[in-house]
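Let me begin by presenting the structure, written as structure tokens, before commenting on it.
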Amino acid sequence: MEKIRMTTPLVEMDGDEMTRVIWQMIKDILLTPFIDLKTEYYDLGLVHRNETDDKVTFDSAEATKKYGVAVKCATITPNAARMPEYNLKEMWKSPNGTIRAILDGTVFRTPILVKGITPYIPTWKKPICIARHAYGDVYKNTEMVVESGSKAELCVTKADGTEERALIHDFKSDGIIQGIHNLDSSIGSFARACFNFALDQKQDIWFATKDTISKKYDHRFKDIFQEIYDNEYKEKFEAAGIEYFYTLIDDAVARVIRSEGGYIWACKNYDGDVMSDMIATAFGSLAMMTSVLVSPDGIYEYEAAHGTVQRHYYKHLKGEETSTNSVATIFAWSGALRKRGELDNIPELSAFADKLEKATIDTIEDGVMTGDLYLLSTLENKKKVNTREFLEEVGSRLKAML
Ligand code: NAP
Ligand code: MG
């Protein structure tokens, strides 16, 4: 069989621990036998980030801007315990945070559904994709503890030196206050990333805030979304046969539970933090959650939602057998290859991505799965396999399909 050719390289961001082991196996077993794989390789493993003073992370984000599509392996975000483990010069920042800031992107997380792993909500038949705004609100707050007898005011000093003040509260007993902010530009980027992704996926998009209570703050989110939608996306949405739907956050939660899924749910920062864990858990497993960072100008970075699976890696280092789920990492590769195929007009490459995903799902639905899914699956003839065996099983199904 002739290998599928690529014209533009994918930006490949390698990572850490068990996912780094899986990364190489995916390339060896599922990709390079079938594709003339073209990548521009960046090693974001912690060892190399430390060697380059984290420059490699910045370089990989710039390359992503240049080429438009990246695929990323999970990486360690260093904490105190990692300092001696990797002999670090500094406690380097989260690569995901760095890349997200450079691309000004929004993260979309979508569960992968398979027969035998039943969502906790019986009406859910299709995935629900969560888009979380990743800037501001309570994540960039200023807080104070306030003593009885204090008066708290909101005060803004304008460029011309004049002040605008509003009373927060006259404290007759001890209490607390908090100041938060957001930026029109960030909300606008979030809105555009959401609308672009909805068009890309041909799915409806829901957005919700608490604008009835927060008449200026949350209302601003609602207005910016509506204005951008009306001016830039309404016609494209109508042509694509999809809908933008705004409602109150509490109404949205009730509707999500009653829905059958199959849409994108855009959330403010805090709502997205809370709801993405609820959605991931209710659909079954973090190891079955894909994640893609989309910039407002249409740059894509694909990855798995889970981390480096450290506990399994330490077993692997001791020579013990592991049964780590590679599905979300496989889907990161298939997502990136499909997008590259679309952008470069290589239908064989996009078709390969579809087959790779089908082979992966077929494997699990045939009852062959890693330990995490084995515990959840309701299939009767299920079999637990190790990390490599799972990929080989996917590989043999893929080969038969091609
Ligand atoms: P984790 O790697 O997501 O793993 C937490 C636990 O979830 C695992 O111990 C395992 O449970 C289960 N799990 C997660 N993914 C799995 C998979 N693919 N297959 C089977 N089981 C899976 O989170 P963590 O252990 O808290 O974090 C480890 C490192 O990852 C940290 O250094 C963190 O900074 C990093 N991290 C990176 C990213 C990213 O790059 N996007 C995201 C999150 C965390 P059992 O042990 O019970 O089997
Ligand atoms: Mg969270």
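A quick note: this is a predicted structure, and the numbers were derived from the prediction, not measured. The chain is numbered in sequence order, starting from 1. No hydrogens, no waters, no symmetry mates; every other heavy atom, side chains included, goes into these values. We count ligands from 1, going down the list as the structure has it; atoms in each ligand are counted the same way.
A donor-acceptor contact closer than 3.5 angstrom links the side chains of Ser189 and Asp104. Using a 3.5 Å distance cut-off with no hydrogens or angles, the side chains of Thr64 and Glu301 do not pair a donor with an acceptor.
The nearest protein atom to atom 22 (C) of ligand 1, hydrogens excluded, is given as Val309 CG1, 3.8 Å; this is a heavy-atom distance. Atom 37 (C) of ligand 1 has as its closest protein heavy atom Thr75 O, 3.0 Å. Summary of contacts: the protein heavy atom closest to atom 30 (O) of ligand 1 is Thr308 N, 3.0 Å. For atom 18 (N) of ligand 1, the closest non-hydrogen atom on the protein side is Asn325 O, 2.8 Å. In terms of protein heavy-atom proximity, atom 48 (O) of ligand 1 is nearest to His312 NE2, 2.8 Å. At the top of the distance list for atom 3 (O) of ligand 1, counting protein heavy atoms only, stands Gly307 N, 2.8 Å. In terms of protein heavy-atom proximity, atom 14 (C) of ligand 1 is nearest to His306 CB, 4.0 Å. Counting protein heavy atoms only, atom 17 (C) of ligand 1 is closest to Ala287 CB, 3.6 Å.
Against a heavy-atom cut-off of under 4.0 Å, Ile76 is close to the following atoms of ligand 1: 32 (O), 34 (O). Each of the following atoms of ligand 1 lies closer than 4.0 Å to a heavy atom of Arg82: 31 (C), 32 (O). The Ala74 neighbourhood of ligand 1 comprises atoms 40 (O), with distances under 4.0 Å to a heavy atom of that residue. Close approach to Thr77 involves these atoms of ligand 1, each under 4.0 Å from a residue heavy atom: 32 (O), 34 (O).
Neither the backbone nor the side chain of Asp16 has any atom closer than 4.0 Å to an atom of ligand 1 (non-hydrogen atoms only).
Distance check for atom 12 (C) of ligand 1: every protein heavy atom is found at 4.0 Å or beyond. For atom 44 (C) of ligand 1, the nearest protein heavy atom lies under 4.0 Å away. In this structure, atom 27 (O) of ligand 1 is not in close contact with the protein, since no protein heavy atom lies within 4.0 Å of it. Atom 5 (C) of ligand 1 is not flagged as protein-proximal [any protein heavy atom, distance under 4.0 Å]. There is no protein heavy atom closer than 4.0 angstrom to atom 24 (P) of ligand 1.
Around NZ of Lys3, the count of heavy atoms belonging to other residues, nucleotides or ligands within 6.0 Å exceeds 12.
Ion pairing of Glu12 with Lys27 is present here, as a side-chain N (NZ or NE/NH1/NH2) and a carboxylate O approach within less than 4.0 Å. The pair Lys358-Asp354 does not count as a salt bridge, with every side-chain nitrogen at least 4.0 angstrom from each carboxylate oxygen. Of the charged side-chain nitrogens involved, at least one lies within less than 4.0 Å of a carboxylate oxygen, so that Lys222 and Asp211 count as a salt-bridged pair. The pair Asp297-Lys65 does not meet the salt-bridge criterion, since no charged nitrogen lies less than 4.0 angstrom from a carboxylate oxygen.
Applying the ring pair (Phe, Tyr, Trp, His ring centres under 6.0 Å) test between Phe195 and each of Phe190, Phe207, Tyr233 identifies Tyr233 as the sole match.
The residue among Arg311, Glu303, Lys72 with a heavy atom at the shortest distance from atom 46 (O) of ligand 1 is Arg311.
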Inset, instruction - Evaluate the ring pair (Phe, Tyr, Trp, His ring centres under 6.0 Å) criterion for residues Phe237 and Tyr229: first the C-alpha distance (whole Å), next the side-chain angles of each, then the deciding distance (0.1 Å), finally the verdict. - result: CA-CA 9 Å; Phe237 268 53; Tyr229 177 73; 5.2 Å; yes
Inset, instruction - Applying salt bridge (Lys or Arg N to Asp or Glu O under 4.0 Å), run through Glu40 and Lys66 and close with a yes or a no. - result: CA-CA 11 Å; Glu40 194 165 293; Lys66 177 173 163 195; 5.0 Å; no
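Here the two rings, on His181 and Tyr135, have centers that are under 6.0 Å apart.
Within the 4.5 Å cutoff, the side chain of Leu391 has no heavy atoms near those of the Arg388 side chain.
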